[in-house]
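What follows is a single structure, written as structure tokens, with notes after it.
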Amino acid sequence: MRMWNDVALRRERNSLRRVWRDLDETRRRYSQGGLIVIPILDLTAQYHSLKADMDAAITRVLESGIFIMGPNVDAFEKEVGEYLGARHAISLNSGTDALHLAFRALGIGPGDEVITTPFTFVATTEAIGIVGATPVFIDIDPRTFNIDPALIERAITKRTKAILPIHLYGAPAEMIEIERIAKQHGLAVVEDCAQAIGADIGGRKLGTIGDVGCFSFFPTKNLGAYGDGGLITTNDGALAERLKALRVHGGKRKYYHDELGINSRLDEIQAAILRVKLPHLERWIEARRAIAAHYTSVFKDEPQITVPADRAGERHVFHQYTVRVDQRDAVKQQMAAAGVQTMIYYPVPLHKQNVHRALPAARERFPHSEQAAREVLSLPIYPELSRSSQDAVIAALRSATKVKSAV
Ligand SMILES: Cc1ncc(COP(=O)(O)O)c(C=O)c1O
């Protein structure tokens with residue numbers, strides 16, 4: 001066993017070294033051509049900053065021979081629960097599972113409606129569909145990209161069971177007002193925190209304000225695993241017990257099954273990786289916020305660029321730094337030519353996606369979501385992004401938008 005592990009580990013190390021060498025080579029070739037290459041995110045930079053601890057943690061799991069539901073999963077759930085201030089933290093295989101199992105545990109299913117926005121990643125509404133419920137869309141607040149609480153009450157019907165705010169890009173949705181409306185109408189609140197771990201409102205971490213918080217540890221997230229992973233937080237003990245059963249085939253005891261569940265477990269290697277990363281999360285968030293502040297300090301004076309809101313009393317964790325610009329696709333192209341990678345989250349709002357063509361919402365208009373899909377552009381942001389790279393991003397966007405506004 002030990003010999004096999006050593007061989008496997010050596011092979012893995014060699015393959016990682018090869019990847020790192022290839023990346024360096026690509027960078028070298030580009031810079032020889034006079035082109036700076038600034039990726040939107042550089043996960044290898046983070047890995048190399050943690051390499052010794054990370055390699056040791058992964059090796060310990062390999063040596064232990066325990067890969068599912070072991071000590072790292074238990075410890076991680078305790079540590080992340082404490083970090084978030086949640087009474088219960090239940091780890092899962094993905095953020096998508098977190099969302100749909102939250103609906104299962106809350107008893108939401110066929111015939112029920114869940115109010116959310118069409119300006120999000122498809123996993124949000126996919127989860128509603130998986131349990132047989134129907135997403136009911138309302139528009140976003142154009143200043144925050146998040147659900148507009150002023151539109152919620154008119155969307156409530158006899159079938160409404162829950163509100164699903166997404167904390168998009170790491171910015172808190174207006175949870176205090178959403179909670180007030182939910183309480184008044186007897187609705188559950190499921191927070192999609194996939195992009196917002198560590199964000200808070202008045203010191204209360206997102207994922208602990210609604211009934212349930214759903215997190216993703218997809219590798220690109222602010223706290224990312226080296227594979228898929230997810231988490232549900234709740235302060236409701238009964239809900240937590242049901243979720244713990246649902247993630248292992250619907251039973252509290254092995255081989256005794258009370259309801260149909262699924263297999264959705266975070267594995268030991270991913271839990272060990274997340275335990276190495278969690279103590280660095282606060283520092284990484286502050287680094288992201290410092291980069292965002294630097295970008296905003298320049299872009300706020302550029303009339304052709306709209307900067308993201310960073311509201312007092314809330315902590316935006318800048319999973320993405322997303323601006324609005326006119327002629328966005330041309331600006332994106334020009335930045336790529338200058339060696340700066342940018343992304344569009346998301347180019348098509350969900351009511352216009354084929355998957356939702358049968359919904360009544362497919363024929364409705366959501367002007368703010370549609371406009372955001374035309375204008376948003378996310379810039380490189382990650383804790384290791386150097387000041388000189390930040391300045392190169394700034395220069396590239398200023399120049400791209402100036403050229404475009406002169407056309
Ligand atoms: C807003 C949002 N919700 C849900 C998810 C789903 O998470 P996962 O990819 O872990 O299933 C994601 C992740 O990409 C997301 O960005």
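For ligands, and for the atoms within them, numbers begin at 1 and follow the listed sequence. Note that the coordinates shown come from a computational prediction; the quantities given were computed from them, not determined experimentally.
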Of the side chain and backbone of T96, name the one, both, or neither that has a heavy atom under 4.0 Å from an atom of ligand 1.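 Both the backbone and the side chain of T96 come within reach of ligand 1.
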
Counting heavy atoms only, which part of S94 comes closer than 4.0 Å to ligand 1: side chain, backbone, both or neither?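 Contact part for S94 vs ligand 1: both backbone and side chain.
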
Which residue and atom name correspond to the protein heavy atom nearest [atom], and how close is it?
atom                    : result
atom 15 (C) of ligand 1 : A194 CB, 3.5 Å
atom 9 (O) of ligand 1  : S216 OG, 4.0 Å
atom 14 (O) of ligand 1 : K221 NZ, 2.8 Å

Based purely on interatomic distance, does D192 place a nitrogen or oxygen under 3.5 Å from a nitrogen or oxygen of ligand 1? yes

If you measure every N or O of G95 against every N or O of ligand 1, does any of those distances drop under 3.5 Å?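 Yes; the residue has a nitrogen or oxygen that sits under 3.5 Å from a nitrogen or oxygen of the ligand.
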
Verify ring pair (Phe, Tyr, Trp, His ring centres under 6.0 Å) between F121 and F218, making sure each step is shown before the conclusion. CA-CA 13 Å; F121 182 54; F218 185 77; 8.4 Å; no

So, taking the atom named CZ in R247 and the one named CG in N263, what distance separates them when rounded to the nearest 0.5 Å?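 One gets 11.0 Å once the value is rounded to the nearest 0.5 Å.
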
State whether E174 and R143 are salt-bridged, where the test is any N-O pair (Lys NZ or Arg NE/NH1/NH2 against Asp/Glu carboxylate O) under 4.0 Å.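 Salt bridge: no.
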
Would you call E268 and R60 a salt bridge, using N to O less than 4.0 angstrom?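 A salt bridge is absent here (no side-chain N lies under 4.0 Å from a carboxylate O).
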
Which label fits F299 and Y321: parallel for a plane angle under 30°, tilted from 30 to 60°, or perpendicular past 60°? tilted

Measure the acute angle between the ring planes of H280 and W284, then classify it against the limits of 30° and 60° as parallel, tilted or perpendicular.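 H280 and W284: parallel rings.
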
Proximity winner for atom 16 (O) of ligand 1, if only heavy atoms of H319, H167, Q195 are counted: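 Minimum heavy-atom distance to atom 16 (O) of ligand 1 goes to Q195.
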
Option passing side chain to side chain contact (heavy atoms under 4.5 Å, CB included) with V376 (candidates Y346, Y345, F145): F145

Using a 4.0 Å cutoff against the non-hydrogen atoms of A123, which atoms of ligand 1 qualify?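 Listed by number with element, the hits are 4 (C), 5 (C), 6 (C).
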
